[in-house]
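Chain letters run A, B, ... following the sequence lines, proteins first, then strands; residues in each count from 1.
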2 protein chains.
Amino acid sequence: MCAADHGREQGMRIGEVASRAGVSVRSVRYYEDQGLLVSTRSAGGQRQYTEHEVERVRFLQRLYTAGLSSRTIAELLPCVDAPSADHSDAALERMAEERDRLTEHIADLVRTRDALNELMTAAREYRDAEFA
Amino acid sequence: MCAADHGREQGMRIGEVASRAGVSVRSVRYYEDQGLLVSTRSAGGQRQYTEHEVERVRFLQRLYTAGLSSRTIAELLPCVDAPSADHSDAALERMAEERDRLTEHIADLVRTRDALNELMTAAREYRDAEFA
DNA sequence: CTTGCCTCTGACGTCAGTGTCAGGTTCTAG
DNA sequence: CTAGAACCTGACACTGACGTCAGAGGCAAG
């Protein structure tokens with residue numbers, strides 16, 4: 001069943017990467033289009049990946065759910081992939097920006113969650129008053 | 001029925017509500033389309049609002065930035081507007097759901113922020129190694 | 001009345017990430 | 001060798017919360 005059954009650590013194909021990372025095949029191709037992921041190709045032109053790419057896709061997902069756009073992620077990745085003085089200064093600043101944005105966003109969400117809790121408390125009081 | 005004790009707030013028009021709440025006129029109309037906001041109309045058909053609607057729009061914004069969709073918000077509002085036993089049970093559950101989702105999302109964001117911080121630390125070490 | 005700003009409805013455009021379809025090729029199990 | 005699963009590229013569809021434009025009308029001031 002498994003292409004890796006022969007003990008060869010050859011490339012996985014896109015379907016396997018997608019299912020392991022829990023995303024769609026379409027998304028994996030999209031990430032590559034956006035330059036967030038690279039692949040080698042088989043003789044026939046099919047994408048080949050290693051375990052490393054599965055991690056990469058999971059990492060991308062984290063950044064996406066954190067609200068970063070493909071564009072922003074693309075700006076950060078060079079530093080992640082090949083840290084160097086050249087990349088670092090720009091990317092560090094970018095990351096700091098995003099981290100701060102995240103921190104702010106988190107605080108906002110917490111406030112909203114608290115507001116939601118207050119609403120629930122109020123609603124419960126109303127309900128309990130009906131039954132009193 | 002009118003809020004006599006709200007002062008002499010005649011109807012604001014849509015532009016004023018929008019700027020006070022810090023959103024676009026388009027957005028205010030959209031919220032009304034989605035049933036999240038109501039307005040009275042002047043003789044000529046223009047929307048009229050009170051201070052109360054400004055608060056409402058701000059509240060809607062909070063929910064939007066918390067990641068709730070118009071649809072979800074529409075399900076919660078009846079309980080907010082007219083708390084009653086009928087609405088409460090369903091809406092309470094919905095709110096609890098959303099609160100939990102928020103909590104989870106927040107935890108996720110915190111993890112991502114931490115990951116970002118780790119990346120920054122790694123990048124800094126690289127950079128500092130260059131200068132050493 | 002006219003000027004000018006604000007508003008009205010309706011409809012199409014945008015962006016990002018993804019679904020999906022079409023028409024064709026590659027790979028693998030039997 | 002063959003069937004069929006998985007893959008390829010390319011392109012159009014979709015969702016959501018708006019932006020934006022068009023053509024028409026409201027509303028206070030001069």
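- Looking at residues two or more places apart in sequence or on another chain, you find a side-chain contact (heavy atoms from CB on, under 4.5 Å) between B:Arg29 and B:Ile14, B:Val25, B:Arg47.
- Partners of A:Thr40 according to the side-chain contact (heavy atoms from CB on, under 4.5 Å) rule, which considers only residues two or more places apart in sequence or in another chain, are A:Gln48.
- Within the structure, ring pair (Phe, Tyr, Trp, His ring centres under 6.0 Å) pairs that include any residue of residues 12-44 of chain B comprise B:Tyr31-B:Tyr64 (at least two apart or interchain).
- Judged as a salt bridge (charged side-chain N to carboxylate O under 4.0 Å, His left out), and not counting sequence neighbours, the contacts of A:Arg56 are A:Asp81.
- B:Ser69 is linked by a side-chain contact (heavy atoms from CB on, under 4.5 Å) to B:Arg71, B:Thr72, counting only residues two or more places apart in sequence or in another chain.
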message: Using the rule given for side chain to side chain donor-acceptor pair (under 3.5 Å), can you reason through A:Glu53 versus A:Thr50, listing the C-alpha separation, both sets of side-chain angles and the distance that settles it, and then say yes or no?
response: CA-CA 6 Å; A:Glu53 269 68 52; A:Thr50 67; 2.9 Å; yes
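- Of the side-chain N and O atoms in B:Ser42, none sit less than 4.0 angstrom from OP1 or OP2 of D:dG26.
- Rounded to whole Å, atom P of C:dG17 lies 16 Å from atom CD of A:Glu32.
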Dump every N/O contact between nucleotides 13-18 of chain D and the protein below 3.5 Å, one line per pair.
unit_1, atom_1, unit_2, atom_2, d
D:dA17, OP1, B:Ser70, N, 3.3
D:dA17, OP2, B:Tyr30, OH, 3.0
D:dA17, OP2, B:Ser70, OG, 2.9
D:dC18, OP2, B:Tyr31, OH, 2.9
D:dC18, O5', B:Ser27, OG, 3.2
D:dC18, N4, B:Arg26, NH2, 3.3

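- Considering only residues two or more places apart in sequence or on other chains, A:Arg101 meets the salt bridge (charged side-chain N to carboxylate O under 4.0 Å, His left out) condition with A:Glu98.
- Taking B:Asp108 as the reference, B:Arg111 meet the salt bridge (charged side-chain N to carboxylate O under 4.0 Å, His left out) condition, with sequence neighbours excluded.
- Residues passing the salt bridge (charged side-chain N to carboxylate O under 4.0 Å, His left out) test with A:Arg26: none are found, sequence neighbours excluded.
- Legend: residues meeting side-chain contact (heavy atoms from CB on, under 4.5 Å) with A:Ala74, ordered by chain and number and at least two apart, are A:Leu36.
- For the pair A:Arg41 CZ and C:dT25 P, the computed distance is 16 Å after rounding to whole Å.
- Interface residues of residues 95-108 of chain A facing DNA chain C, ordered by number: none; criterion, heavy-atom separation under 4.0 Å.
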Can you pull every protein N or O that's under 3.5 Å from an N or O on nucleotides 3-7 of chain D?
unit_1, atom_1, unit_2, atom_2, d
D:dC7, OP1, A:Gly15, N, 2.5

